[in-house]
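Here's the structure we're looking at; comments come further down.
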Amino acid sequence: MTDIPTLERTLIGAVAAAADEAALEAVRVSALGKKGSVSELLKTLGAMTPEERREKGPLINGLRDRVNAAIAERKAKLEEKALAARLAAERVDVTLPLQEGPQTRGRIHPISQVIDELTAIFADMGFSIAEGPDIETDFYNFTALNFPAGHPARDMHDTFFLPPDDNGERKVLRTHTSPVQIRTMLGQKPPIRVIIPGRTYRCDSDQTHTPMFHQVEGLVIDKSSHIGHLKWILEEFCKAFFEVDQVKMRFRPSFFPFTEPSAEVDIQCSRKGGEIRFGEGDDWLEILGCGMVHPNVLRNCGLDPDAYQGFAWGMGIDRIAMLKYGMPDLRPFFEADVRWLSHYGFRPLDLPTLAGGLSS
Ligand code: 2NL
């Protein structure tokens, strides 16, 4: 017969020595599991005479109860210890400097940044953003825009043509974003206020020209939109974009097939030590072209020029990005060099807003 006091001492000692909940569970199984030492003792009660059972019963049951109680007490202690250890290990030091994770280490390309800035500025003036395909038909890219049949822009030397399709039609890579304005005028009724940023393509490649480049165009059509509105919009845009309080602008007469009258716009600047600053100085810098939408273009879009009028403008995004952020060379824009991007790129979480100072 097992010596009950010795077994009790052994088990209570093992319970006290269990260093974690897994060790304690092993002790519990060894004592109270199916084949455990205490369970085996309990089984012997069945074979005993009533007198024996009256004597041993309370001893064995008492052993079981005390071992159970010791295990429960130890379990509570160990749980408390584990929780304290976890709380200590998971403590966050909120005073540590922010570690840059992969999602903040990347950089936004200056073109994307400038498109976001343009969008914020014009959205604030009530414009929506329109988009369209890079591959266009001759109609949307030229004909609807009042380009005459033999215009040099329609030449192979200036425009990328795709091979003729099954109907013999030669599509083009759009040479400007204007076809999107045509699609807008054909698809919705005035009043229209849209800007169209996007990729454009021309057969041109040197220090200041790449075959793919970016433009943003704007279009306003209503019953009485006039050149005064155009000048105000462009002036507000220039002040917001170049982040200056005032800027002088100069409208010089020009020609585009799709506007009449047409103008090229210069903004006031100073050039000191190779650095260009806007909103000061006596120099001028050309930044965009604009004009009143030609009556033929309105007619081509199903609008009656006696009922509707409006204006449009266009500018090169790459160029205004270079001017604003002092980037001297256009070519690295499209070379995907991560060193250039980490120097000139923008932090992904610094989204441009007018309230936040746009580029700060
Ligand atoms: C420039 C000049 C310009 C437009 C673009 C336009 C579009 C339609 C009708 C009339 Cl659908 N005009 N766009 C007008 C004037 C100038 O761009 O130098 N861009 C880089």
Side-chain angles (χ1 to χ4, degrees), residues 108 110-134 136 140 144-145 174 176-200 213-244 247 249 251 256 258-259 262-265 267 278 287-294 297-298 301-303 307-321 323-324 346 351-359:
I108 303 290
I111 300 283
S112 305
Q113 172 78 15
V114 165
I115 290 175
D116 289 347
E117 293 178 12
L118 296 166
T119 305
I121 296 167
F122 285 110
D124 195 57
M125 289 194 251
F127 283 75
S128 15
I129 315 295
E131 288 181 310
D134 288 19
E136 269 296 1
Y140 287 114
L145 285 153
R174 67 180 183 195
H176 41 200
T177 47
S178 317
V180 188
Q181 280 135 291
I182 299 296
R183 289 173 181 276
T184 304
M185 282 189 275
L186 285 167
Q188 67 191 65
K189 280 209 168 93
I192 291 172
R193 269 189 227 104
V194 286
I195 63 156
I196 297 108
R199 289 186 177 164
T200 45
F213 57 104
H214 298 82
Q215 270 198 344
V216 57
E217 281 187 66
L219 176 73
V220 172
I221 306 282
D222 206 342
K223 294 213 161 96
S224 57
S225 302
H226 55 72
I227 262 185
H229 301 138
L230 170 65
K231 291 180 84 166
W232 180 84
I233 286 171
L234 294 178
E235 189 174 320
E236 287 305 304
F237 164 73
C238 286
K239 286 194 290 187
F241 182 74
F242 291 111
E243 300 179 50
V244 292
V247 64
M249 300 179 77
F251 286 65
F256 303 109
F258 32 79
T259 45
S262 307
E264 273 165 328
V265 179
I267 60 169
F278 298 100
I287 58 154
L288 60 92
C290 63
M292 298 301 294
V293 176
H294 198 291
V297 175
L298 293 173
C301 297
L303 294 169
Y308 292 106
Q309 59 183 32
F311 47 85
W313 67 94
M315 65 189 137
I317 292 179
D318 318 83
R319 183 170 149 77
I320 61 167
L323 289 172
K324 177 166 181 181
F346 293 83
L351 295 180
T353 62
L354 292 181
L358 217 58
S359 66

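Position 1 is the first residue of the sequence, and the numbers go up from there. FYI, side chains are in, hydrogens and waters are out, and symmetry mates aren't considered; it's all heavy atoms of this structure.
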query: Does a salt bridge link Asp134 with Arg174, judged by any charged N lying under 4.0 Å from a carboxylate O?
result: yes

Is the shortest heavy-atom distance from the side chain of [X] to the side chain of [Y] under 4.5 Å?
| X | Y | answer |
| --- | --- | --- |
| Phe346 | Pro110 | yes |
| Ile195 | Phe237 | no |
| Met249 | Cys238 | yes |
| Glu136 | Arg183 | yes |
| Ile221 | Leu298 | yes |
| Gln215 | Pro197 | no |
| Gln181 | Tyr140 | no |
| Leu230 | Val220 | no |

- prompt: Is there a side chain to side chain contact (heavy atoms under 4.5 Å, CB included) between Tyr308 and Met185 once you walk through the steps?
  reply: CA-CA 11 Å; Tyr308 292 106; Met185 282 189 275; over 6 Å; no

task: List for me each residue that meets side chain to side chain contact (heavy atoms under 4.5 Å, CB included) alongside Met292, sequence neighbours excluded, and say none if there are none.
output: Ile227, Pro261, Phe311

Donor-acceptor pair, [X] side chain versus [Y] backbone, under 3.5 Å?
| X | Y | answer |
| --- | --- | --- |
| Asp318 | His214 | yes |
| Ser112 | Ile108 | no |
| His226 | Gly228 | yes |
| Gln309 | Ser225 | yes |

- request: Determine, step by step, whether Phe251 and Trp313 satisfy the ring pair (Phe, Tyr, Trp, His ring centres under 6.0 Å) criterion, reporting the C-alpha distance in whole Å, the side-chain angles of both residues, the deciding distance to 0.1 Å, and the verdict.
  value: CA-CA 12 Å; Phe251 286 65; Trp313 67 94; over 10 Å; no

State, to 0.1 Å, how close [X] and [Y] come at their nearest heavy-atom pair, and which atoms those are.
| X | Y | answer |
| --- | --- | --- |
| Leu234 | Cys290 | CD1-SG, 4.2 Å |
| Ile287 | Leu323 | CG2-CD1, 4.2 Å |
| Glu117 | Lys324 | OE1-NZ, 2.8 Å |
| Ile196 | Val194 | CD1-CG2, 3.9 Å |
| Leu288 | Gly314 | CB-O, 3.4 Å |
| Phe127 | Leu219 | CE2-O, 4.0 Å |

query: Is it the case that more than 12 heavy atoms not belonging to Lys239 sit under 6.0 Å from its NZ atom?
result: yes

field: Ile320 vs Leu118, side chain to side chain contact (heavy atoms under 4.5 Å, CB included): CA-CA, chis, key distance, verdict
entry: CA-CA 11 Å; Ile320 61 167; Leu118 296 166; 4.1 Å; yes

- prompt: Would you say the side chains of Thr177 and Glu217 form a donor-acceptor pair under 3.5 Å?
  reply: yes

query: Applying salt bridge (Lys or Arg N to Asp or Glu O under 4.0 Å), which residue pairs with at least one partner in residues 123-133 are found, sequence neighbours left out?
result: none

message: To the closest 0.5 Å, what do you measure between CG (Leu186) and SG (Cys301)?
response: 4.5 Å

- request: Take Phe278 and Ile267 through the side chain to side chain contact (heavy atoms under 4.5 Å, CB included) test and state the conclusion after the steps.
  value: CA-CA 7 Å; Phe278 298 100; Ile267 60 169; 3.2 Å; yes

task: Applying side chain to side chain contact (heavy atoms under 4.5 Å, CB included), run through Ile182 and Val297 and close with a yes or a no.
output: CA-CA 8 Å; Ile182 299 296; Val297 175; 3.9 Å; yes

